[in-house]
Amino acid sequence: RIVGIVDETRFHFFKLRMTTTIEARVGESSIAIRDTISNLSASPGEAQMLYHINFGPPLLGEGSEVVAAAKTIVPRNEHSSQDLATWSTYKAPQAGTVESVFFFDLQADQQHGTKVLLKNPQSSRGTSLSFNVQQLPCFTLWKNTTAEADGYVTGLEPGTNFPNPRSYEGEQGRVVRLPPGGNCTFDLKIDVHRSPEEVAQAIDSINALRVTDPQVHEKPLPGWCAD
């Protein structure tokens with residue numbers, strides 16, 4: 001278990017502290033992360049949290065796939081809308097490719113838990129993120145399939161907000177409001193799946209979350225996308 005503390009302060013604006021605990025156990029293939037944000041000020045404060053969790057080769061490659069129980073899918077911009085039909089799969093690295101970004105509202109179980117999986121083309125290896133949609137209601141998928149030398153990578157990004165300008169997200173109410181001395185907690189678990197059987201089990205657990213078909217928006221949506 002590793003614990004770290006970071007303060008973020010701005011005179012007359014906010015005084016926040018993040019306490020991070022990262023925990024792993026010998027023999028297990030998972031990492032648990034807990035972040036607690038505390039308002040050290042005598043005045044009300046607010047916070048935003050977005051996790052940029054990036055994966056590349058060898059897990060990422062042509063034919064890799066993201067599996068998620070989506071409730072709503074929105075392309076971030078006009079360019080991303082052109083790739084909407086193939087949002088869940090990945091192309092081979094190609095120099096000069098422009099990134100695509102998609103915003104999600106995810107389905108969850110009765111305890112508000114959800115899971116997102118990234119698996120390799122052979123479905124023999126994968127990694128999944130598990131989190132609570134009451135803590136982290138927004139999910140962003142970043143696909144950057146440019147040449148490997150330039151950063152062939154994808155980001156699975158749960159958050160309190162989407163990666164728009166901070167002021168825009170505040171205007172949409174995608175912030176956590178903290179009273180004087182108040183705090184909030186975010187929990188995130190990362191699992192590594194090392195066999196086809198483990199990948200299949202992760203897919204089954206995500207499929208069990210599906211109650212309705214996703215509502216897919218073909219264009220960027222006001223209130224979701226700042227562009």
Side-chain angles (χ1 to χ4, degrees), residues 4-20 33-55 66 68 70-84 87 97-108 112 114 116 129 131-144 146 151 153-188 214-227:
I5 296 174
V6 175
D7 289 347
E8 180 183 3
T9 62
R10 183 180 175 190
F11 189 55
H12 284 321
F13 284 89
F14 52 77
K15 187 175 183 181
L16 302 177
R17 169 169 294 170
M18 181 172 73
T19 303
T20 296
I33 301 169
R34 167 165 284 192
D35 288 319
T36 299
I37 308 297
S38 304
N39 180 14
L40 305 182
S41 174
S43 300
E46 60 182 38
Q48 298 178 15
M49 174 69 80
L50 193 148
Y51 292 90
H52 296 270
I53 304 174
N54 294 340
F55 300 97
V66 169
K71 184 187 301 181
T72 308
I73 306 174
V74 179
R76 180 182 183 181
N77 50 31
E78 290 293 335
H79 168 75
S80 299
S81 66
Q82 299 173 17
D83 296 328
L84 186 59
W87 70 263
T97 300
V98 178
E99 65 181 7
S100 294
V101 182
F102 304 95
F103 296 157
F104 294 78
D105 180 15
L106 296 176
Q107 301 182 62
H112 312 291
T114 194
V116 178
L129 311 181
F131 52 96
N132 188 304
V133 296
Q134 286 196 325
Q135 296 177 343
L136 301 166
C138 302
F139 180 75
T140 301
L141 177 63
W142 173 55
K143 299 171 68 178
N144 191 55
T146 188
V153 67
T154 190
L156 278 59
E157 305 177 357
T160 61
N161 53 285
F162 296 118
N164 294 309
R166 183 169 182 164
S167 58
Y168 180 85
E169 291 299 283
E171 292 169 1
Q172 310 309 314
R174 289 190 285 267
V175 298
V176 178
R177 305 194 186 282
L178 298 169
N183 61 71
C184 61
T185 298
F186 307 102
D187 294 293
L188 177 67
Q215 182 180 12
V216 181
H217 294 266
E218 296 183 355
K219 299 293 182 180
L221 197 63
W224 288 55
C225 309
D227 293 344

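FYI, the numbering just counts along the sequence from 1.
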Just jot down the side chain to side chain donor-acceptor pair (under 3.5 Å) partners of [X], sequence neighbours excluded, or say none.
X: S80; result: N77
X: D35; result: T20, Y51
X: T154; result: Y90
X: R177; result: E46

Which pair of non-hydrogen atoms, one from [X] and one from [Y], has the smallest distance, and what is that distance?
X: G151; Y: N144; answer: O-ND2, 2.7 Å
X: I37; Y: A47; answer: CG2-CB, 4.0 Å
X: N54; Y: G155; answer: OD1-CA, 3.3 Å
X: K143; Y: W87; answer: NZ-O, 3.0 Å
X: N164; Y: W224; answer: ND2-O, 2.8 Å
X: V133; Y: A108; answer: CG2-CB, 3.8 Å

Which distance, rounded to the nearest 0.5 Å, do you find between the [atom1] of [X] and the [atom2] of [Y]?
X: M18; Y: S38; atom1: CE; atom2: OG; result: 11.0 Å
X: F103; Y: E157; atom1: CZ; atom2: CD; result: 9.0 Å
X: L156; Y: I53; atom1: CG; atom2: CD1; result: 7.5 Å
X: F162; Y: C225; atom1: CZ; atom2: SG; result: 8.0 Å

Under 4.5 Å between any side-chain heavy atoms of [X] and [Y], yes or no?
X: F102; Y: V66; result: no
X: K71; Y: Q215; result: no
X: P180; Y: S41; result: no

Set of salt bridge (charged side-chain N to carboxylate O under 4.0 Å, His left out) partners for [X], sequence neighbours left out:
X: E218; answer: none
X: E99; answer: none
X: E171; answer: none

- Query: Tell me the ring-ring contact (aromatic ring centres under 6.0 Å, His included) pairs involving residues 167-186, sequence neighbours left out?
  - Reply: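 Residue pairs with at least one partner in residues 167-186: there are none.
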Sequence neighbours excluded, which residues qualify as side-chain contact (heavy atoms from CB on, under 4.5 Å) partners of [X]?
X: V216; value: I73, L84, P214
X: T185; value: R34, T36, D187
X: N161; value: Q48, L50, E169, R174

- Does P163 offer a backbone N or O that forms a donor-acceptor pair with the side chain of R76 under 3.5 Å?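 Judged by distance alone, yes, a pair lies under 3.5 Å.
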Under 3.5 Å donor-acceptor pairs involving side-chain atoms of residues 6-15, not counting sequence neighbours:
from	atom 1	to	atom 2	distance (Å)
D7	OD1	R17	NE	2.7
D7	OD2	R17	NH2	3.1

- Take N183 and N39, measure what side chain to side chain contact (heavy atoms under 4.5 Å, CB included) needs, and give me the verdict at the end. CA-CA 6 Å; N183 61 71; N39 180 14; over 6 Å; no
